[in-house]
Amino acid sequence: MNRLSAAGLARGGVVMCALVAFPFVFSQHWVLNMAFFVLMYAGLAQAWNLLGGYSGYISLGHVAFFGLGAYSEAILFSHIGIGSRGFLPLLVLPAIGIAVALTSVPVAWVALRTRHMTFAIVTLTLLFVVQQLAFNLRGLTHGSQGVSVPSPTFSLYERPFYLALLAIFALATLVTWHVRRDRLGLMLFAIRDDEDKARGVGVRATEAKVFTFAVSVGMTAMIGAVWAYYIGYVYPQFAIDPLVMIGSLLPVFLGGAGTVWGPVLGAFILVPAQQWLAYRYGASELYLIAYAAVFLAIILLLPRGILPSIADMVARRRDGRTTPRLPVGSAREEIAS
Amino acid sequence: MSALLEVRALTKRFGGVTAVDGCTFEVSAGSITALIGPNGSGKTTVFNMVTGYLRPDAGAVSFDGRRASRPDPARFYRAGLSRTFQQPRVFRELTLVENLAVAANRPWWALLGRDVPPTDRRRAEEVLADFRLGDLMGNKARELSFGQQKLLEFAAVLMGRPKLVLLDEPTAGVNPVMVETMEQHIRDLHRQGITFLVVEHEMNLVMRLCDPVIVLDHGAKLAEGRPAEVQRDPLVLDAYLGT
Amino acid sequence: MHLLVQAVILGILIGGVYALMASGLTLVFGIMRVINVAQGAMVILGAYLSYTLFSSVGIDPLLSILLIAPVMFALGVGIHRVFIRALRAESGEEMSLLVTWATALAIEGVLSVTYTTNLRSTIPGYAQRSWIILGYRVAEVRVFGFVISVVILSALSLLLARTRFGRSVRATVQNPTSAKLLGVDADRVSALGFGIGISTAAAAGAVFGIIYPFNPGSHYDLISRLLSIVVLGGLGSLGGAVVAALLLGVGESVVAVMISPSWSSFVFFIVLIVILVFRPQGLFGVRERGAL
Amino acid sequence: MSRGRWGGVATFVALAALVGAACSSKGTNSTNTKPIVIGISLSASGDFSDPSAAAKKGYELWAKTVDAHGGIMGRQVQLKIVDDTSSPDQVVTNYQNLITKDKVDIVFGPFSTLLSAPAAKVANRYGYAFIEPAGGGPAIFDENLHNIFFVQPAPVVDSGTVFANYILSLPADQRPKTAGYPELDDPFAAPIAETVRQKFEAAGITTVFKQIYPAETAEFTTIVTKLAHASPDIVVGGTQVADAFGLVKAMISEKFSPKFLFLSNGSNDPVNFPDKIGASNVNGVFGAGDWFEDEKSPGNAEFVAAYHAAYGPGPIDSTSAEAYACGQILQAVVSKVGSLDNGKIIAALHQGSWASVEGNLSWNSVGEPQGQDLLVEWIGGKLVPVYPASVALAAPTIPKPNWAG
């Protein structure tokens, strides 16, 4: 464990250094724009993974908190001339994250009383509830008219946004990495295996789940806030969009749920591929079909995701025997990063 | 001997069926009490209510002199009341050591500490060695045999330093050697001061091991006494023969 | 008062159609613990098929159900063969969410390519006629849609109550493991159940297409409602789904008239969440007791 | 002002002449100049894919026409159209890529304000003119961006104004006394009805019904039940297309027929409106629009002819005309400033008026067009411009007849 942790730390450090250096090495706008969206989805996936991957609670409503973050940012700054104070909206991110995390506690407490499918559907309902609030609370959100966020004048426009996202992404990865080797992680894995049994051996399941949910959506909200500032307009249907939900969930399953680097790998593959395909071959109406086909192929061929599948192969080669295949997202030990 | 566990007029209905019907009994500290009865007599339902998995429709459970207000298995466990399941329930994707570490009693602020702190690891290794699972402690629980999983489940609850352990058919479905092992563990732990409440169908084991024996039928206590007395009770024979 | 009664009548008529759509969803869940997120897409597919039959061959959309339902049944069995069964062995229930979601996307994609994303609606002669009963105006097509839903739902519950297949289904719903021990061929029951679930969706689709305009993307709104209905009713409970659907229909319609359409589905979602706080298993659901 | 206008008209006349001679004059441009690349993002899938397809036809038709006549400044025009899947993330990515990676010379707008707004910000950042056919919602002009040029006669909010003006021009005894406003919660729908409502209320027409309904509304019977209960003389629907059909269908089945019915969208669709509500029910319904096939705007006859030649007979979506107009305006302004410099283009477009199939357009400093839309009415089963009188082909017929059923 210790040896692996040290190696993981080193690997994580190298990746982070490379990511920090990136916008200083590459300064083309379009490259940074692409990098922005890759990091955004990597961060969303990582935050989702903390709850969904570790505890097995499939939330389909995280994007509601992405929207809360986006609206908080937009409403806070919509009437303020940004001008030279362009960094202010990025500096308030931690406050937004903490505020949304705290707000989410009662919601989480209610939602987490349900399990499995019911939880997935309750959180999906949450998505629609928040979206409808965004449409209907016109005094606050301007409803369907949307809220405009002033654009800053950065010398290299994308770089501060990229770095802000990178900070959140690093935080999410650090949290994920830490939880994997702290007692909370152990509790979450136990809950994923058998929640009733876990309660029977003294696990504070509710506390563990609610805490994890709050941390997870707090990070999601911060990403939403950066997104709002970057895009410049917040509309209910875009800020709370089921497609963003899917976009943050897909990398987790592609890369490997419950692993530290799986969701990141998934996002680094999927987002550029998707954006490039849409840009390059977009005129074709077969886009949706192709997307669905890729999706089905992933689930049917790599049901556990890339990293766990590779780990399986390595393990099999090493000890020359076949390891039994496990259900999705059940790799705790073999993907010690 | 004082009563460690007191069950008063416990009742549970599922739809129209009354599974447990005004059941009352006590478990004395330091005993190995057996809870027997024909299939469907409500033994497991009693277990589920006593350990906080089910909310009783009526009646009360007191443990160690305190009445349980809100059914919550985790709180009961931390108070020293733990159980095993008829079908062994272990964390299949965790290693044996981790299985035991989960069951260690830790305050909430330990959530952000190490997953298996050195003290827990040492204790887990000791317990696993006692249960002759020491060689397997790095393996995942799903790699164990059925009997080994029963042992693991039993071993895990010891991490909580329980006062009372409820065993739900500890020997069902395991081989004769394993039955003996299990019996030996119960006796050893009993000597160390742990009280047991055992649901068991294997009557020879009950007669050797337990005293007193409580007989349930149709969700209520039918008889209670020394094993030999209960065995001779005509009511009990009727219940088992189904007249 | 007049408005309120009118709203309740309308709500019941709408609720009946929703009940039909949701019945398949809850049946499939009961049998195989799979949430078929593609149910909404199946409804829309059914609407397109009946639209095509009506506009090209002139078959009455309500009669076309007799043609569409068997076709969709076969499609359902096929999807079960290829995707659902492959999944069952490997992984949990959650993966079925993703697989059926992908199926929904694929259907949406195929429909977009075939029919474009223009809005369609099926307009038979009676589509815009209405009756006046006791001073309340009721559109004929809604009554037809409601009656057809009731007929199909009754047939479905008869099927479940009276036939050997029905007994296998009920056994599987109650306890999959012991049903297997009793010799129920789980695979066959699942495949048939999935087929039936989807053909009810298609039947509901034919009705849907007359009442509402639709395009390939319409399934997103539908599925959120259908999921709420089955969860509120209790996953796996047919009767629960019917009650919840009527509740949704009447509730939305009354809120729309009395308060505002902007809040109508919001109110339903809130009711759903409140009920789930007190009864996580839904109105008529059985708490999953696991191995306790 | 006048120079710009005449310049535009002159260019247009030249273009029209060239269209007429399309078959004979093959491109004589020099082959050693690079083509002018125009970057456009449109939605090939998602919510905006339908109108995007119409916009694409308009853009491509314009490019084909221009190229057939030697291009602009002797250079061919090449469109680089990419897909944004109706997503704001992708639209931002696309304009970033078009401008900074592919270094296109000019960009045109995508479909919908919801996408145009973020895209306009990207274009603004790099000093590109943002000539756009379909981003006229209020949000976009609140940004104070000077590079936006919305190629329609009026901002979306004002597209009901022409109807309000017409109603208020009626003699007092014909004027409606009470009004009802069903409004879709959408940036292109509700605000239109709201603008009309303010004008009507100021003129003493009482509001007896107002209801905002959400985008996913499928059930219009409840709304119409209430509307019929209030029974206003005039109904002004702030609608988009799908809900307009739903609303009218419910009005027919509830047998509620007001004296005047205006819909901001849907009723101006020459094909789908009769198709969805029944051809016998259309008469007397008002709509507004920025463009109609029979309109006598500069170059319109040529555009319509070219459209039918390229895509066959059948009605033309106004979005195609809007996109085509973007091209016309670009051509005019480039000819005038003699350069592809976006700064010069922006400066020039802010002056004077520019001729297109959408009429003669001019913009204020934030890109709002300064004209007004056309009022159309279904008369004898056909959509006819009826107001203002300068462009009317017939007089309005009022009141609206009852539904045929």
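A, B, ... follow the sequence lines: proteins, then strands. Residue 1 opens every chain.
Taken from CG in A:L133 to OG in C:S262, the straight-line distance is 11.5 Å, to the nearest 0.5 Å. Atom CG in C:L226 sits 10.5 Å away from atom CD1 in A:I121 (nearest 0.5 Å). Distance check: C:F269 CZ to A:Q132 CD gives 6.0 Å after rounding to the nearest 0.5 Å. Between A:L296 atom CG and C:T100 atom OG1 the span is 9.5 Å, to the nearest 0.5 Å. One distance of note links CZ of A:F128 with CZ of C:F268; it measures 13.0 Å at 0.5 Å rounding. To the nearest 0.5 Å, atoms CD (A:Q131) and CZ (C:F266) are separated by 12.0 Å.
For C:L272, the part lying under 4.5 angstrom from a heavy atom of chain A is the side chain only. When heavy atoms are compared at a cutoff of 4.5 Å, A:I246 approaches chain C solely by way of its side chain, counted from C-beta outward. When heavy atoms are compared at a cutoff of 4.5 Å, C:V110 approaches chain A by way of both its backbone and its side chain. Using a 4.5 Å cut-off between heavy atoms, C:W263 contacts chain A through both its backbone and its side chain. Contacts between A:L249 and chain C at a heavy-atom distance below 4.5 Å involve the side chain alone, from C-beta outward.
Heavy-atom pairs under 4.5 Å with chain C peak, among A:T114, A:L250, A:L127, A:T125, at A:T125.
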